[in-house]
Chemist: 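Below you will find the structure I want to go over with you.
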Amino acid sequence: MNQEIDHLRGKIREVDERVLKLIKHRLDLAQKIGNLKKSHHLPITDTSVEKQVIDHALSVCKTLGLDERLAERLINLLMAESVKIQGKSIAGRSSYLYEIFEMAEELESKGAKIVRMDAGEPDFTLSDPVKNIAKSAIDTKGLTSYVSSRGLSDLREAIADNLNADFGVDIQPNQVLITPGGKYAVFAGILASLSPLDRAVVPAPCWPVYEECVMLANGRTDYIHTTLEDEWAIDTQKIKDAFDAGAKLLILNNPCNPTGKIMSEENLREIVSLAAQKNVLILSDEVYSAYAFKNFKSILQVHDNKFICTNSFSKKFGMTGWRIGYVVADSETISKIHKILQVSVTCVPGFIQKAALAALKSAEKNILKKEIKNRVEHACKELNRLPISYFKPEGAMYIFPEVKIKNFNSHDFAKKLLIKERVAVSPGVAFGNYPGYIRLAVTTSLANIDEGIKRMGNLIKSSS
Ligand code: PLP
């Protein structure tokens with residue numbers, strides 16, 4: 001008996017050896033393909049080829065009687081390793097944002113006056129009456145101890161009421177969870193949606209944090225490249241191809257950081273319908289929905305399947321450091337996200353939630369929207385004097401121009417601009433394969449915006 005088991009174990013080791021040799025052979029082939037792609041300037045990933053690989057593997061599975069989900073996961077792992085070998089990962093791009101942010105902070109700490117157009121941090125804060133409510137909440141019994149990990153019921157009710165009034169929908173408070181910032185809402189949403197090796201599709205340029213969250217969930221990101229020439233519209237055929245190749249999650253950012261694009265209702269509905277056909281979950285990050293300067297449709301209005309919608313008090317009310325946001329989702333998904341909140345953060349402090357509730361009930365948001373829109377328009381007028389092309393933002397608080405000078409490198413330019421001209425902007429390379437672009441945040445006064453763009457113009461002139 002023992003001898004037979006030992007014999008079979010020995011056979012398994014032989015099989016493992018053969019499998020590993022085959023994997024090595026596969027990676028060597030992938031490397032050769034990668035070299036050829038590089039020399040012919042071809043993109044590293046091609047969803048239609050990946051779909052063929054998956055389809056082929058699934059048909060082999062059928063013949064062998066092997067579990068299809070297992071095969072899909074193994075093939076996804078092999079493809080992810082091949083992509084890695086070919087050098088595609090853009091993970092870690094948020095470090096480009098932090099680099100400029102930290103350099104600017106350090107210069108300021110030494111007394112330098114910097115025009116800050118880098119971080120997406122509004123320059124306004126809560127009004128005094130709202131702050132006073134927050135201060136008294138600290139003295140209120142029960143608001144400095146543990147509270148429900150779902151969030152305070154009065155805040156969740158107010159959020160649901162606001163969304164229902166703004167979008168004409170019927171969100172129930174039990175579909176809302178309070179999170180420590182919009183970033184955590186995105187992270188928990190992604191973690192709840194992906195199993196290891198699952199793929200998430202993300203239109204680029206985009207906030208770099210999405211890919212990094214997908215990596216923490218051990219998933220893989222497939223980017224859909226969008227262009228300035230197409231006014232940053234998302235090609236639905238590319239989305240369809242990515243869904244056909246087995247994507248499990250689509251991450252949208254609407255209005256978009258960094259482009260300021262608002263998806264047209266037609267584009268959004270088409271994508272939602274494709275996702276429903278393929279049972280792909282959509283996570284729509286709508287942290288900039290308060291700054292929509294044209295008709296904006298929320299995922300809450302158009303979804304017809306499972307969905308996740310994330311939002312935040314950071315941008316709308318200038319509450320970045322308070323760390324409070326929320327997630328809205330269908331009831332099955334909300335339970336998964338709730339579990340993640342329960343075991344990771346326990347709860348957002350009650351007194352912070354009371355401040356958010358007071359902000360929500362104040363009328364501040366429309367004044368701020370007018371102010372941000374005015375700044376965007378003003379900045380665009382000033383930018384028209386420079387050798388750049390840009391899409392006039394329809395929302396959010398950024399402009400993402402392409403700088404039309406030879407050999408422009410956004411990373412070098414952003415550092416030089418900060419050191420020489422004392423202006424902080426974010427390099428386009430932080431948002432994907434957009435090294436010719438920079439992102440300007442209109443999170444400072446009109447006078448600062450004028451000055452920042454003027455100095456940027458000086459550097460462009462001296463570099464061209
Ligand atoms: N989503 C996008 C697209 C963002 O740009 C940001 C912040 O810059 C966030 C989410 C998260 O913001 P917070 O965590 O401060 O709510």
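All ligand and atom numbering here is 1-based and tracks the order in the structure. The first residue of the sequence shown is numbered 1, and numbering continues consecutively from there.
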Chemist: What do we get for Tyr184 next to ligand 1 when only non-hydrogen atoms under 4.0 Å count, side chain, backbone, both or neither?
Modeler: neither

Chemist: If you measure from each heavy atom of Asn257 to ligand 1, is any distance below 4.0 Å?
Modeler: yes

Chemist: Return the closest protein heavy atom for atom 11 (C) of ligand 1 as residue, atom name and distance.
Modeler: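 Minimum-distance protein heavy atom for atom 11 (C) of ligand 1 reads Lys183 N, 3.5 Å.
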
Chemist: Name the atoms and distances for all side-chain donor-acceptor pairs under 3.5 Å in residues 411-429, with sequence neighbours left out.
Modeler:
from: His411; atom 1: NE2; to: Glu99; atom 2: OE1; distance (Å): 2.7
from: Arg422; atom 1: NH1; to: Ile419; atom 2: O; distance (Å): 3.0
from: Ser426; atom 1: OG; to: Asp118; atom 2: O; distance (Å): 3.4

Chemist: Please check if atom CD in Glu106 has more than 12 non-hydrogen atoms from other residues, nucleotides or ligands closer than 6.0 Å.
Modeler: no

Chemist: Hey, is NZ on Lys248 packed in by over 12 heavy atoms from elsewhere, all under 6.0 Å?
Modeler: yes

Chemist: Quick one: look up the protein heavy atom nearest atom 1 (N) of ligand 1 and list residue, atom name and how far away it is.
Modeler: Asp285 OD2, 2.6 Å

Chemist: Could you tell me, atom by atom, which parts of ligand 1 come under 4.0 Å of a heavy atom of Tyr210?
Modeler: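 So the atoms of ligand 1 that pass are 3 (C).
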
Chemist: Based purely on interatomic distance, does Gly120 place a nitrogen or oxygen under 3.5 Å from a nitrogen or oxygen of ligand 1?
Modeler: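 Between Gly120 and ligand 1, no N or O pair is found under 3.5 Å apart.
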
Chemist: What protein heavy atom sits nearest atom 7 (C) of ligand 1, and how far off is it?
Modeler: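 Going atom by atom, the protein heavy atom closest to atom 7 (C) of ligand 1 ends up being Lys315 NZ, 3.0 Å.
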
Chemist: So does Arg116 pair up with Asp123, basic N to acidic O under 4.0 Å?
Modeler: no

Chemist: Do Arg269 and Glu266 sit within salt-bridge range, that is, some charged N less than 4.0 Å from a carboxylate O?
Modeler: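 Not counted as a salt bridge, because no side-chain N and carboxylate O are separated by less than 4.0 Å.
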
Chemist: Which ligand 1 atoms does Asn253 reach within 4.0 Å, using its non-hydrogen atoms?
Modeler: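 Answer, ordered by atom number: 3 (C).
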
Chemist: For atom 6 (C) of ligand 1, what's the nearest protein heavy atom and its distance?
Modeler: Trp207 CZ2, 3.4 Å

Chemist: Taking Pro180 as the fixed residue, which of Ile324, Leu341, Ile352 is the one that meets the side chain to side chain contact (heavy atoms under 4.5 Å, CB included) rule?
Modeler: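 When side chain to side chain contact (heavy atoms under 4.5 Å, CB included) is applied between Pro180 and each of Ile324, Leu341, Ile352, only Leu341 qualifies.
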
Chemist: Does any N or O in the side chain of Asp330 come within less than 3.5 Å of the main-chain N or O of Phe307, such that one atom is a donor and the other an acceptor?
Modeler: yes

Chemist: Give the residue and atom name of whichever protein heavy atom lies nearest to atom 5 (O) of ligand 1, and the separation in Å to one decimal.
Modeler: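 The protein heavy atom lying closest is Tyr288 OH, 2.7 Å.
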
Chemist: Mind checking whether Phe187 contacts ligand 1 via backbone (N, CA, C, O), side chain (CB onward), both or neither, at a 4.0 Å heavy-atom cut-off?
Modeler: neither

Chemist: Atom 14 (O) of ligand 1: which protein heavy atom is closest, and how many Å away?
Modeler: Arg323 NH2, 2.7 Å

Chemist: Considering only heavy atoms from C-beta outward, does the side chain of Thr310 approach that of Tyr184 to under 4.5 Å?
Modeler: no

Chemist: Write out the residue and atom name of the closest protein heavy atom to atom 15 (O) of ligand 1, then the distance separating them to 0.1 Å.
Modeler: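 Scanning the protein heavy atoms, the shortest distance from atom 15 (O) of ligand 1 goes to Ser314 OG, 2.7 Å.
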
